[in-house]
Amino acid sequence: MSAVDVRRVSVALSAAALMVGSLLGATAAQAKPGVANIGTGSGNKTGIKCVQRAFNAYAGTKLTVDGVYGKNTKDAVVNFQRFWHLPVDGIVGPDTGGTIEFMVAQNNGGKDVWRTNGCWAVVPTKN
């Protein structure tokens, strides 16, 4: 392999790595760490509504989007955690919140929904 070929392969691999990194971290720069966990008794109504909307739009649930973390919302979180092989505690913490954000971003128009509703700022994530 000539020096020119090695350089072309290096450039192609670097470009591919940048593309994969930007795709995987597309919403990471928009996530806000340090948001309190969401669960029973949470006063974060906007965060709860974001979780409810995301589940309705992308997980096939039919939750009432009311900002109340009731039995149906908790059950949906538990089912989501089981599906994604997360620790099952019924609480939207950084792992669950980050996975919800990932799920939304992977669906058509998901990133716009996450930003438009301000979800990136009110749902806990690791990023």
Side-chain angles (χ1 to χ4, degrees):
M1 189 179 263
S2 73
V4 172
D5 290 334
V6 169
R7 194 171 308 140
R8 284 183 185 151
V9 169
S10 294
V11 169
L13 288 175
S14 295
L18 284 172
M19 228 171 26
V20 167
S22 66
L23 288 173
L24 292 177
T27 59
Q30 299 163 11
K32 184 175 181 181
V35 175
N37 290 349
I38 297 172
T40 304
S42 175
N44 182 353
K45 290 188 178 294
T46 305
I48 295 167
K49 286 179 183 179
C50 286
V51 170
Q52 291 167 334
R53 280 189 196 107
F55 284 172
N56 287 347
Y58 305 112
T61 61
K62 294 182 179 171
L63 298 170
T64 301
V65 180
D66 57 5
V68 175
Y69 199 89
K71 181 185 179 334
N72 292 338
T73 300
K74 182 175 181 176
D75 289 348
V77 170
V78 166
N79 289 334
F80 179 82
Q81 290 170 329
R82 283 190 183 124
F83 179 83
W84 287 93
H85 304 286
L86 298 167
V88 178
D89 59 7
I91 296 170
V92 179
D95 287 334
T96 301
T99 306
I100 293 169
E101 181 183 29
F102 173 80
M103 174 189 68
V104 171
Q106 295 306 307
N107 286 278
N108 187 24
K111 287 186 275 184
D112 293 336
V113 171
W114 201 249
R115 272 188 299 233
T116 300
N117 293 328
C119 296
W120 64 273
V122 294
V123 175
T125 65
K126 285 185 170 185
N127 300 316

**Asked** Is there a side-chain contact between Thr64 and Asn72, using heavy atoms and a 4.5 Å cut-off?
**Response** no
Applying ring-ring contact (aromatic ring centres under 6.0 Å, His included) to Phe55 and not counting sequence neighbours gives Phe80
Which atom pairs, one a donor and one an acceptor, fall under 3.5 Å between side chains of residues 34-47 and the rest of the protein, sequence neighbours left out?
from, atom 1, to, atom 2, distance (Å)
Ser42, OG, Asn44, N, 3.2
Asn44, OD1, Gly47, N, 2.7
Asn44, ND2, Val122, O, 2.7

- Query: Passes side-chain contact (heavy atoms from CB on, under 4.5 Å), Ile100 versus Val51? Steps please.
  - Reply: CA-CA 8 Å; Ile100 293 169; Val51 170; 4.2 Å; yes
Q) Honestly curious: do Phe83 and Tyr58 fall in one hydrophobic cluster under the side-chain, below-4.5 Å linking rule? A) yes
Side chain to side chain donor-acceptor pair (under 3.5 Å) pairs touching residues 73-88, sequence neighbours excluded, are Gln52-Thr73, Lys71-Asp75, Gln81-Asp89, Gln81-Thr96
Taken to the nearest 0.5 Å, the spacing of Leu63 CG from Asn56 CG works out to 5.0 Å
Heavy-atom closest pair (Ala54 atom, Val104 atom, distance to 0.1 Å) is CB-CG2, 3.7 Å
Review point. If two hydrophobic side chains count as joined below 4.5 Å and joins carry through other members, does Ile91 share a cluster with Met103?
Key: no
Tell me whether Ile48 is reachable from Val78 by hopping between hydrophobic residues (I, L, V, M, F, W, Y) whose side-chain heavy atoms are closer than 4.5 Å.
no
